[in-house]
Amino acid sequence: VQLQASGGGLVQAGGSLTLSCAAAGLTFSTYALGWFRQAPGKERVFVADVSWISGSTYYADSVEGRFTISRDYAKNTVYLQMNSLKAEDTAVYFCAASNSVSSRNKRKYVYWGQGAQVTVSS
(Lines give C-alpha, C1' and ligand atoms only; values in the text may rest on other atoms or scores of the structure.)
Protein backbone atom coordinates (compact mmCIF):
# COMPACT_ATOMS: atom_id res chain seq x y z
CA VAL A 1 0.00 0.00 0.00
CA GLN A 2 1.27 3.45 -0.88
CA LEU A 3 -0.09 6.91 -0.18
CA GLN A 4 1.74 9.63 -2.07
CA ALA A 5 1.12 13.20 -0.93
CA SER A 6 1.94 16.21 -3.07
CA GLY A 7 1.13 19.89 -3.42
CA GLY A 8 2.82 21.38 -0.39
CA GLY A 9 4.80 24.57 -0.55
CA LEU A 10 5.28 28.12 0.67
CA VAL A 11 2.35 30.54 0.58
CA GLN A 12 1.58 33.92 2.07
CA ALA A 13 -1.03 34.29 4.77
CA GLY A 14 -4.48 34.52 3.21
CA GLY A 15 -3.46 32.41 0.26
CA SER A 16 -4.53 28.95 -0.86
CA LEU A 17 -2.99 25.55 -1.51
CA THR A 18 -4.37 22.19 -2.53
CA LEU A 19 -2.82 18.97 -1.29
CA SER A 20 -3.32 15.71 -3.15
CA CYS A 21 -2.81 12.16 -1.98
CA ALA A 22 -2.83 9.31 -4.46
CA ALA A 23 -3.51 5.85 -3.08
CA ALA A 24 -2.31 2.57 -4.52
CA GLY A 25 -2.58 -1.02 -3.37
CA LEU A 26 -5.76 -0.73 -1.34
CA THR A 27 -9.46 -0.88 -2.07
CA PHE A 28 -9.89 2.87 -2.05
CA SER A 29 -13.66 2.82 -1.76
CA THR A 30 -13.65 0.94 1.57
CA TYR A 31 -11.34 3.21 3.54
CA ALA A 32 -11.98 6.48 5.29
CA LEU A 33 -9.35 8.99 4.23
CA GLY A 34 -7.99 11.67 6.48
CA TRP A 35 -5.51 14.48 6.73
CA PHE A 36 -3.44 15.15 9.81
CA ARG A 37 -0.76 17.73 10.47
CA GLN A 38 2.26 18.02 12.69
CA ALA A 39 3.92 21.29 13.57
CA PRO A 40 7.51 21.33 14.85
CA GLY A 41 7.70 20.07 18.41
CA LYS A 42 4.01 19.17 18.53
CA GLU A 43 2.01 16.02 18.17
CA ARG A 44 0.26 14.97 15.00
CA VAL A 45 -3.34 16.16 15.05
CA PHE A 46 -6.51 15.59 13.06
CA VAL A 47 -7.40 18.05 10.31
CA ALA A 48 -10.19 16.46 8.28
CA ASP A 49 -11.55 13.17 7.06
CA VAL A 50 -14.08 11.80 4.60
CA SER A 51 -16.16 8.70 5.23
CA TRP A 52 -16.09 5.83 2.77
CA ILE A 53 -19.76 4.94 3.31
CA SER A 54 -21.59 8.24 3.09
CA GLY A 55 -18.93 10.59 1.85
CA SER A 56 -19.57 12.71 4.93
CA THR A 57 -16.77 15.06 5.86
CA TYR A 58 -15.50 16.15 9.26
CA TYR A 59 -13.13 18.94 10.23
CA ALA A 60 -11.12 20.15 13.16
CA ASP A 61 -12.55 23.35 14.59
CA SER A 62 -9.38 25.20 13.66
CA VAL A 63 -9.91 24.63 9.92
CA GLU A 64 -13.71 24.45 9.65
CA GLY A 65 -14.92 26.80 6.93
CA ARG A 66 -11.44 27.26 5.43
CA PHE A 67 -10.42 23.73 4.39
CA THR A 68 -12.31 21.27 2.21
CA ILE A 69 -11.58 17.56 1.93
CA SER A 70 -12.78 15.59 -1.07
CA ARG A 71 -12.10 12.26 -2.73
CA ASP A 72 -12.06 11.16 -6.35
CA TYR A 73 -12.88 7.46 -6.64
CA ALA A 74 -11.88 7.30 -10.29
CA LYS A 75 -8.40 8.61 -9.51
CA ASN A 76 -8.00 6.96 -6.07
CA THR A 77 -7.06 10.37 -4.77
CA VAL A 78 -8.03 12.49 -1.78
CA TYR A 79 -7.60 16.26 -1.77
CA LEU A 80 -7.36 18.96 0.84
CA GLN A 81 -8.22 22.41 -0.45
CA MET A 82 -6.86 24.99 1.98
CA ASN A 83 -8.04 28.59 1.79
CA SER A 84 -7.43 31.66 3.94
CA LEU A 85 -4.24 30.11 5.23
CA LYS A 86 -2.77 31.36 8.47
CA ALA A 87 0.74 31.16 9.90
CA GLU A 88 -0.53 28.64 12.45
CA ASP A 89 -1.41 26.27 9.60
CA THR A 90 2.31 25.75 9.01
CA ALA A 91 3.04 22.05 9.46
CA VAL A 92 3.82 18.80 7.72
CA TYR A 93 0.54 17.42 6.39
CA PHE A 94 -0.03 13.67 6.26
CA CYS A 95 -2.72 11.75 4.44
CA ALA A 96 -3.87 8.48 5.91
CA ALA A 97 -6.33 5.64 5.38
CA SER A 98 -8.50 4.00 8.00
CA ASN A 99 -10.68 0.93 7.80
CA SER A 100 -13.08 2.63 10.20
CA VAL A 101 -16.07 4.38 8.67
CA SER A 102 -14.65 7.69 9.85
CA SER A 103 -12.33 8.72 12.65
CA ARG A 104 -10.52 11.66 14.19
CA ASN A 105 -8.25 9.26 16.07
CA LYS A 106 -4.88 8.84 14.41
CA ARG A 107 -4.58 5.38 15.99
CA LYS A 108 -7.46 4.22 13.78
CA TYR A 109 -5.42 4.95 10.63
CA VAL A 110 -3.42 2.02 9.31
CA TYR A 111 -1.69 3.51 6.27
CA TRP A 112 0.15 6.82 6.10
CA GLY A 113 1.69 8.94 3.39
CA GLN A 114 5.12 10.49 3.66
CA GLY A 115 3.98 14.03 4.46
CA ALA A 116 3.93 17.34 2.61
CA GLN A 117 5.38 20.52 4.06
CA VAL A 118 3.10 23.54 4.12
CA THR A 119 4.64 26.83 5.18
CA VAL A 120 2.54 29.96 5.58
CA SER A 121 4.41 33.22 5.87
CA SER A 122 2.83 36.10 7.77
Side-chain angles (χ1 to χ4, degrees):
V1 175
Q2 186 174 21
L3 300 176
Q4 184 70 42
S6 60
L10 173 64
V11 63
Q12 288 188 332
S16 299
L17 275 177
T18 298
L19 301 179
S20 301
C21 178
L26 77 167
T27 306
F28 186 77
S29 59
T30 61
Y31 283 82
L33 297 171
W35 287 96
F36 292 75
R37 67 187 182 186
Q38 187 167 17
K42 297 187 177 181
E43 66 177 281
R44 192 172 300 185
V45 297
F46 172 81
V47 174
D49 83 314
V50 53
S51 165
W52 66 268
I53 287 184
S54 63
S56 297
T57 56
Y58 305 91
Y59 298 93
D61 290 345
S62 58
V63 306
E64 180 82 51
R66 299 188 298 121
F67 290 12
T68 302
I69 187 172
S70 60
R71 62 193 295 170
D72 185 328
Y73 289 92
K75 295 182 179 180
N76 279 12
T77 299
V78 61
Y79 303 96
L80 185 68
Q81 171 69 44
M82 303 182 292
N83 298 326
S84 301
L85 283 161
K86 305 175 182 180
E88 52 263 44
D89 295 318
T90 295
V92 178
Y93 284 71
F94 297 89
C95 59
S98 170
N99 47 21
S100 299
V101 172
S102 173
S103 181
R104 294 172 177 253
N105 185 347
K106 58 181 176 286
R107 295 179 180 83
K108 297 289 188 180
Y109 286 78
V110 294
Y111 302 114
W112 291 85
Q114 85 285 8
Q117 176 69 49
V118 172
T119 303
V120 184
S121 62
S122 56

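Sequential numbering from 1 along the given sequence is applied to the chain's residues. Keep in mind that the numbers below use all heavy atoms, side chains included, and drop hydrogens, waters and symmetry copies.
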Check whether [X] reaches the backbone of [Y] with its side chain - one donor and one acceptor, N or O, closer than 3.5 Å.
{"X": "Thr119", "Y": "Thr90", "result": "no"}
{"X": "Ser100", "Y": "Ser98", "result": "no"}
{"X": "Gln38", "Y": "Ala91", "result": "no"}
{"X": "Arg104", "Y": "Val47", "result": "no"}

**Asked** Hey, are the side chains of Trp112 and Arg44 touching, using non-hydrogen atoms and a 4.5 Å cut-off?
**Response**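 A side-chain contact under 4.5 Å exists here.
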**Asked** Less than 4.5 Å apart, any side-chain heavy atom of Phe94 and any of Lys106?
**Response**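 In short, these two side chains do not touch, never coming nearer than 4.5 Å.
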**Item:** Residues Arg37, Val63; criterion side chain to side chain contact (heavy atoms under 4.5 Å, CB included); working and verdict
**Value:** CA-CA 11 Å; Arg37 67 187 182 186; Val63 306; 3.9 Å; yes
**Prompt:** Can you get from Leu3 to Tyr109 by hopping between Ile, Leu, Val, Met, Phe, Trp and Tyr side chains that sit under 4.5 Å apart?
**Reply:**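 No, it is not one cluster - the side chains of Leu3 and Tyr109 are not joined through contacts under 4.5 Å.
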**Asked** Which of these passes side chain to side chain donor-acceptor pair (under 3.5 Å) with Asp49: Ser56, Ser103, Ser102?
**Response**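 The side chain to side chain donor-acceptor pair (under 3.5 Å) with Asp49 is passed solely by Ser102 among Ser56, Ser103, Ser102.
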**Asked** Looking at residues at least two apart in the chain, or sitting in another chain, which of them share a ring-ring contact (aromatic ring centres under 6.0 Å, His included) with Phe46?
**Response**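 So Phe46 forms a ring-ring contact (aromatic ring centres under 6.0 Å, His included) with Phe36.
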**Asked** Where do Tyr59 and Ile69 come nearest, in terms of heavy atoms and distance?
**Response**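 Heavy atoms only, the tightest pair is OH-N, 2.9 Å.
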**Prompt:** Any idea which heavy atoms bring Met82 and Leu85 closest together, and the distance?
**Reply:**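 Taking Met82 first and Leu85 second, the nearest heavy atoms are CB-CD2, 3.8 Å.
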Separation of [Y] [atom2] from [X] [atom1] (nearest 0.5 Å):
{"X": "Thr57", "Y": "Arg71", "atom1": "OG1", "atom2": "CZ", "answer": "11.5 Å"}
{"X": "Trp52", "Y": "Tyr73", "atom1": "CH2", "atom2": "OH", "answer": "9.0 Å"}
{"X": "Phe67", "Y": "Ser84", "atom1": "CZ", "atom2": "OG", "answer": "9.0 Å"}

**Request:** Would you please test Ser6 and Gln4 for side chain to side chain donor-acceptor pair (under 3.5 Å) and show each step?
**Result:** CA-CA 7 Å; Ser6 60; Gln4 184 70 42; over 6 Å; no
Listed pairs under 3.5 Å, donor-acceptor, residues 9-33 side chains, sequence neighbours left out:
from, atom 1, to, atom 2, distance (Å)
Ser16, OG, Asn83, OD1, 2.9
Thr18, OG1, Gln81, OE1, 2.4
Thr30, OG1, Thr27, O, 2.9

**Request:** Please identify each residue that fulfils side chain to side chain donor-acceptor pair (under 3.5 Å) with Arg66, with sequence neighbours left out.
**Result:**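 Arg66: side chain to side chain donor-acceptor pair (under 3.5 Å) contacts with Asp89.
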